[in-house]
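Here is how names work: the chains are called A, B, and so on, in the same order as the sequence lines, proteins then strands, and each is numbered from 1.
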Amino acid sequence: MKIATYNVNGVNGRLPVLLRWLAEEQPDVVCLQELKAPQEKFPQQAIIDAGYNAIWHGQKSWNGVAILARGMEIQEVSRGLPGDDEDTQSRYIEAVVNGILIGGLYLPNGNPAPGPKFDYKLSWFERLHKHAARLVELDIPVILTGDFNVMPTEQDVYKPERWVDDALFRPETRDAFHKLIAQGWTDAIRKLYPTETIYTFWDYFRNAYGRDAGLRIDHFLLNPKIADRLKSAGVDRHVRGWEKTSDHAPVWIELAEK
DNA sequence: ATGGCCTTGCATCAAGGA
């Protein structure tokens, strides 16, 4: 079973790229982030025609998350991260697919830092900690995946010294990520590739992809009930080289059947 | 150190992104 996460940076503008990638790689489950489309503008028919069921949490202009599943039922559990009724940003969706509880998330960017946007990022992280603490202990397989907007270590940044004051790499942000992992989650990519340089995002600026000036900010966290089923993982980085592509590449893991 | 680019939207620039 192959599960992927992909920050598409606009699901409608990116539809040809998304459909081509789905057809070529045929992931079983896909978590999408940055739909940048209101609920009624999600390209549902095109996704169905591609062979996928879908649930999504849209929002005009910004954010937006979805879960796709190929030929499998998606049982939605919740949308929106608990803990703040005032938070109207569409950044979390949770569902059960094939016996696995999947939380798809788009963590706030947080720049500029310090400031209110960074405060929002850290408070969102705190809410995620509370929710994830329950999920990690569940007696069923749980996967938290998406765009975390965090480079966990210096290994995950092409030029770490340039990013120390950035909201994606500040000590508070890295601490928050490591506290999350310490609950008992496995960072799937790092588990399989402990020393390799692996990026999932390349800026549109300065030929970042051509120079491989990337960041690793899209992650898969596995709870103990599923960590042993991790077979392989990777980044479809060639997709980042396509025309009209997202600044993120799709990331995936493959799980053994029970 | 700076700027570079791309997306969406009551648009022809602004805001957000990372």
Describe the nucleic acid contact of A:Asp218 in one word from base, sugar-phosphate, nothing, applying a heavy-atom distance below 4.0 Å.
nothing
Determine yes or no for a side-chain-to-main-chain donor-acceptor pair under 3.5 angstrom, with A:His131 supplying the side chain and A:Arg127 the backbone.
no
Starting from the 5' end of DNA chain B, give me the residue, A:Gly10 or A:Phe205, whose nearest nucleotide shows up first.
A:Phe205
Could you please name the option among B:dC5, B:dT8, B:dA18 that lies closest to any side-chain atom of A:Glu34?
B:dA18
Can you tell me how far C1' in B:dC10 sits from the matching atom in B:dA14, rounded to whole Å?
13 Å
Mind checking A:Phe148 for me? I need base, sugar-phosphate or nothing, with any heavy atom below 4.0 Å counting as a touch.
nothing
Which listed nucleotide (B:dT8, B:dC5, B:dG3) is nearest to the side chain of A:Lys36?
B:dT8
Using a heavy-atom cut-off of under 4.0 Å over every strand shown, decide if A:Asn149 touches base, sugar-phosphate, or nothing.
sugar-phosphate
Against the side chain of A:Lys60, the closest entry in B:dA1, B:dC10, B:dC6 is B:dC10
Taking N and O atoms by type only, does the side chain of A:Asp166 place a donor or acceptor under 3.5 Å from a partner on the base of B:dA18?
no
With heavy atoms under 4.0 Å as the rule, sort A:Asn7 into base, sugar-phosphate or nothing.
sugar-phosphate
Main chain of A:Met151, side chain of A:Arg216: is a donor-acceptor contact present, judged purely on distance under 3.5 Å?
no
Heavy atoms only, 4.0 Å cut-off, all strands: where does A:Lys244 land among base, sugar-phosphate and nothing?
sugar-phosphate
Classify the ring geometry between A:Phe148 and A:Phe177 as parallel (under 30°), tilted (30 to 60°) or perpendicular (over 60°).
perpendicular
Quick check: do A:Arg237 and A:Asp212 have side-chain heavy atoms less than 4.5 Å from each other?
yes
The side chain of A:Arg206 lies closest to which of these nucleotides: B:dG3, B:dA15, B:dA18?
B:dG3
A:Leu215 has a side chain; which of B:dA1, B:dG9, B:dA18 sits nearest to it?
B:dA18
Please classify the nucleic acid contact of A:Asn111 as base, sugar-phosphate, or nothing, using heavy-atom distances under 4.0 Å.
base
Test side chain to side chain donor-acceptor pair (under 3.5 Å) on A:Asp236 and A:Tyr6 and set out the steps.
CA-CA 10 Å; A:Asp236 290 336; A:Tyr6 187 17; over 6 Å; no
